[in-house]
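Down below is the structure, laid out as C-alpha cells.
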Amino acid sequence: MEEFLTSCQRAVKLSSDQVGPGFHVVLGNEACDIDSMVSALAYAYFLSKTAPGEMLVLPLLNIRQSELRLRSDSVFLLRQAALSLDLLVFRDQLDLRALQRAGRLRLTLVDHNVLPSSDSDLEEAVAEVIDHHHLEREPSPTCPVTAETVGSCATLVTERIIQRAPEILDLQLAHLLYAAIVVDCVDMSPAAGKVTPKDSQYAAALENLFPALPPRGALFQELHRAKLDVSGLNTEEMLLKDMKAVSGSLNLSVSVLYISLQEFLQREDLEAELSGFCQKYGYDLLLLMTIFFTESKEPIRELAVFSHSTTCREQVSQYLEQAQSPALNLSPLSSPHSHISAYHQGNSLASRKKLLPIMKDFLTTWDGYGFPGDRKDELSQVPPTPMNSLVEGSPLDNGLPRITSQALEEKFSQMVNRTD
C-alpha cells in the first residue's frame, strides 16, 4: 500500500502538466468518514493491481488536507494500521476540473452514487459506482453500479477483493477494511440496526484470514472513543467534522455531533456561531443530529433545526415531524435559543442516511412551487456543498447569493396556499 500511495503522490505533483497520463480517481463522499476513506484507499489499490492501464489509479479523500484532523477516528485508525498520513491525497491537491477539461479524468464513486450539484460538471467522467446508500443514479450502460444496502461500503469492497484478488490482501489492508465494517455496523450489534448478513460474512472472512487482527470489541471501542473526542474543536469544526449537504433553491447541511444536544446547546454564543457558519458557507438551514450510545450499544439520537427564518425552521420541523419513510418519532425538547428547535428522536435507528432522503423530498416539494422572482435560477448556479468546492475559481470564491427572509416567507406562503 505504501509503495502504491507514494507513486500516487509523485503523480499528483506532476498533474499540472498539460500533457501526461490520465487519472482514474476513486472518490469517496464529502463526509470522508472511515468507511468512505477506507473504501477509496482499498478499491483504488485493488484496481491498481487488477486493472492496469494507461491511467494512474488514485484514491482521493474528498476533503481539504487541513480538515483531516477533524476526522479524529480516521487519524487514529491510519496510525494504528501504520499508514503514514503524508501519503494521502486530498481534494485540494488535485484539480479534477482541469483534468476533466483535458480529457484526462475517469471517476469511480465509492460510498455515494451521485455527485453533488457542485460537482455536476464532472458527471461525464463517472465510470463506476460502489455504494450502500439509497440508489439515486439513473441506469447507464457506460457506468456499472454495485449498490446494496449493507451496513458498510467497505463490505462491498472487501467482497470484490476476496472474490477477484484475495492475494492482494495483507494485514494492513485487512485491518483498514475490518475497522470500517466494524465501525459502520456498530460493533456488529443487531440492536443498532446497521449490520446485515453480508457484513457479518465478510467481517468473519477477514477474521479467519488474519487472526492477528485486533479484537473486534476493543477495536470498535478505541475508534468510537476517538470519534467522540471533540476536545479542542470550536463550533465550526464540530459542524464540519461529519457533515453532508443537500440543496435545491435552499442550501441545507446535516451535521452529526458526538455530544448530547443539551451539552451542545449550552455552548457560549452558539446562535452567533451558527449564524456565522451559515453566512460563511452559504447555508439557509442547519440540521444537527446528535448521537451517543448506551452500554448495550443502542444509539440515542436527538435532532435540532437552526434557521433565522422562523417560517423556514417551522416548515422543515413540521415536515420532519410528519415524515413516515421512515417515521422519526420526534418529541419536542426545551431549547434555550429562539432560532433552534430541538427534539428527542424516538426512532433511534434512523441515521443521517435515512434522514437525507427525507430532506431531499422536502426540497423537491419546495422547488416544485417555484421561487419568487429570479432567485431560484440564480441559486441553482451555486454549488451547495462548500467542502466539495476546493479549487480556485470556484463560485464560492465570490460568495453565495443570499435568500432574503421576505423571499422565504413568500415561498412558504405559496406552499401552504397550494396544499390547502
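Side-chain atoms are counted along with the backbone in the values below, which use heavy atoms only and exclude waters and symmetry mates.
What you find for Ile63 and Cys32 is that their closest heavy atoms are CG2-CB, 3.6 Å. Contact between Gln100 and Asp121 at its shortest, heavy atoms only, is NE2-O, 3.4 Å. Between Ser7 and Leu56, the closest heavy-atom pair is O-CD2, 4.4 Å. For the residue pair Gln345 and Met289, the shortest heavy atom distance occurs at OE1-CE, 3.9 Å. When all heavy atoms are compared, the tightest approach of Leu173 to Ala42 is CD1-CB, 3.7 Å. Residues Ile162 and Leu169 come closest through the heavy atom pair CG1-CD1, 3.9 Å.
Take Phe23 and apply the ring pair (Phe, Tyr, Trp, His ring centres under 6.0 Å) test, not counting sequence neighbours, and it matches no residue. Remark: Ala204 pairs with Glu207 by the side chain to side chain contact (heavy atoms under 4.5 Å, CB included) rule, at least two apart or across chains. For Phe292, there are no ring pair (Phe, Tyr, Trp, His ring centres under 6.0 Å) partners, not counting sequence neighbours. Judged as a side chain to side chain contact (heavy atoms under 4.5 Å, CB included), and not counting sequence neighbours, the contacts of Arg137 are Leu109, Asn113, Val114, Glu123, Val126, Val129, Leu135, Cys143, Val145. Residues that satisfy the ring pair (Phe, Tyr, Trp, His ring centres under 6.0 Å) test with Phe306, not counting sequence neighbours, are His308. With sequence neighbours left out, the side chain to side chain contact (heavy atoms under 4.5 Å, CB included) criterion links Ala82 to no other residue. The side chain to side chain contact (heavy atoms under 4.5 Å, CB included) check on Ser36 picks up Asn29, Asp33, Asp111, with sequence neighbours excluded. Evaluation of the salt bridge (charged side-chain N to carboxylate O under 4.0 Å, His left out) rule for Glu236 yields Lys280 as partners, not counting sequence neighbours. Taking the salt bridge (charged side-chain N to carboxylate O under 4.0 Å, His left out) definition, one finds that Asp361 meets it with nothing, sequence neighbours left out. For Lys49, there are no salt bridge (charged side-chain N to carboxylate O under 4.0 Å, His left out) partners, not counting sequence neighbours. Residues satisfying the salt bridge (charged side-chain N to carboxylate O under 4.0 Å, His left out) test with Glu136, not counting sequence neighbours, are Lys360. Considering only residues two or more places apart in sequence or on other chains, Phe46 meets the ring pair (Phe, Tyr, Trp, His ring centres under 6.0 Å) condition with Tyr43.
With respect to the salt-bridge test (charged N to carboxylate O, under 4.0 angstrom), the residues Asp184 and Lys353 do not qualify. Taking the charged nitrogens against the carboxylate oxygens, Arg71 and Asp242 have no contact shorter than 4.0 Å, which rules out a salt bridge.
At least one side-chain heavy atom of Arg160 sits less than 4.5 Å from a side-chain heavy atom of Thr146. Counting heavy atoms from C-beta outward, Thr290 and Ile300 have side chains that stay 4.5 Å or more apart. Under the 4.5 Å side-chain criterion, counting only non-hydrogen atoms from C-beta, Leu83 is in contact with Leu5. The shortest side-chain heavy-atom distance between His175 and Leu213 falls under the 4.5 Å cut-off. Taking the side chain as every heavy atom from C-beta outward, Met359 and Val316 approach each other to under 4.5 Å. At least one side-chain heavy atom of Leu58 sits under 4.5 Å from a side-chain heavy atom of Leu94.
With values rounded to the nearest 0.5 angstrom, Leu286 atom CG is found 4.5 Å from Ser253 atom OG. Note: Phe362 CZ to Leu320 CG = 8.5 Å, rounded to the nearest 0.5 Å. The distance from the CG atom of Leu206 to the CZ atom of Arg216 is 12.5 Å, given to the nearest 0.5 Å.
Heavy atoms of other residues, nucleotides or ligands lying less than 6.0 angstrom from CD of Glu54 number 12 at most. Heavy-atom contacts from other residues, nucleotides or ligands closer than 6.0 Å to CD of Glu3 number 12 or fewer. Atom CD of Gln262 is surrounded by 12 or fewer heavy atoms from other residues, nucleotides or ligands within 6.0 Å. For Glu2, the CD atom is densely surrounded, since the number of other residues' heavy atoms within 6.0 Å is greater than 12. Counting non-hydrogen atoms of other residues, nucleotides and ligands closer than 6.0 Å to CD of Glu138 gives a total of 12 or fewer.
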Checklist entry - What do the steps show when you test Val183 against Asp35 for side chain to side chain contact (heavy atoms under 4.5 Å, CB included), and what is the final call? => result CA-CA 8 Å; Val183 166; Asp35 194 31; over 6 Å; no
Next on the checklist: Working note: Glu30 + Arg91, criterion salt bridge (Lys or Arg N to Asp or Glu O under 4.0 Å); need CA distance, chi angles, decisive distance, verdict.
Outcome noted: CA-CA 10 Å; Glu30 72 271 18; Arg91 184 67 190 265; over 6 Å; no
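Using modelled atom types, no side-chain atom of Arg352 and backbone atom of Ser255 make a donor-acceptor pair closer than 3.5 Å. Using a distance-only test at 3.5 Å, with no hydrogens or angles considered, no donor-acceptor pair links the side chain of Gln172 to the main chain of Met1. No donor-acceptor pair under 3.5 Å is formed between the side chain of His344 and the backbone N or O of Ser331. Without hydrogens or angle criteria, Asp131 side chain to His112 main chain gives a donor-acceptor distance under 3.5 Å. Without hydrogens or angle criteria, Glu222 side chain to Leu219 main chain gives no donor-acceptor distance under 3.5 Å. At distances below 3.5 Å, at least one donor-acceptor pair connects side-chain atoms of Asn62 with backbone N or O atoms of Gly28.
Looking at Thr142 and Ser140, their side chains do bring a donor and an acceptor atom within 3.5 Å of each other. Side chains of Lys241 and Ser72: a donor-acceptor N/O pair is present below 3.5 angstrom, by distance only. Checking Asp199 against Ser152 by side-chain atom types alone, no donor-acceptor pair falls below 3.5 Å. For the residue pair Thr235/Arg267, the side-chain donor-acceptor check at 3.5 Å is satisfied.
The only member of Leu96, Leu88, Leu41, Val12 that meets side-chain contact (heavy atoms from CB on, under 4.5 Å) when paired with Leu60 is Leu96.
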